[in-house]
Amino acid sequence: MVQRRRKHHQLVHDLLAEGARIRQIARHLGWGRHTVQRYARAATWQVMIVG
C-alpha cells in the first residue's frame, strides 16, 4: 500500500505540474475528483498514509 500511495501521489503531482486540472486527472485515471484532490493537497505522500 505504501508503494501505491507514493506512486499515486507522484503521478498526480506530475500531471498537475504539466498543467492538468483536477477533473482532467480524475477522468484520465478513472478516479473520483475528491480522491485526486486529496493527493493534490498532500504536500508529501506520507501525509496520505497518516490520514
Side-chain angles (χ1 to χ4, degrees):
M1 181 163 87
V2 171
Q3 297 277 350
R4 185 175 49 179
R5 296 279 172 123
R6 184 182 325 177
K7 179 182 163 191
H8 288 174
H9 181 269
Q10 186 64 50
L11 179 59
V12 168
H13 282 266
D14 288 347
L15 291 169
L16 287 168
E18 292 175 8
R21 294 191 170 133
I22 298 291
R23 287 185 182 188
Q24 292 171 321
I25 296 170
R27 255 194 319 267
H28 177 71
L29 298 175
W31 298 354
R33 183 173 47 91
H34 293 289
T35 301
V36 175
Q37 282 179 333
R38 279 200 318 269
Y39 279 102
R41 289 178 181 157
T44 65
W45 65 268
Q46 290 92 339
V47 174
M48 297 302 298
I49 293 175
V50 175

Worksheet entry | Test log, rule side chain to side chain donor-acceptor pair (under 3.5 Å), inputs Q37 and H34 | CA-CA 5 Å; Q37 282 179 333; H34 293 289; 3.2 Å; yes
Discussion item. With a 4.5 Å cut-off on side-chain heavy atoms, are I25 and L11 touching?
Written reply: no
Discussion item. Within the 4.5 Å heavy-atom criterion, are I22 and L16 side-chain neighbours or not?
Written reply: yes
Worksheet item: Within 45° of the ring axis of W45 and under 6.0 Å from its six-membered ring centre, is that where the NZ or CZ of R6 lies?
Response: yes
Worksheet entry | Plane angle bin for H8 and Y39 - parallel if under 30°, tilted between 30 and 60°, otherwise perpendicular | perpendicular
Practice prompt. Return yes if some donor-acceptor pair links the side-chain N/O of H9 with the main-chain N/O of A42 below 3.5 Å, else return no.
Written response: yes
Worksheet item: Between the side chain of Q24 and the main-chain N/O of R21, is any donor-acceptor distance below 3.5 Å?
Response: yes
Worksheet item: For R23, does its backbone N or O pair with a side-chain atom of R33 as donor and acceptor, under 3.5 Å?
Response: no
Worksheet item: Are Q3 and K7 side-chain neighbours, meaning at least one heavy-atom pair lies under 4.5 Å?
Response: no
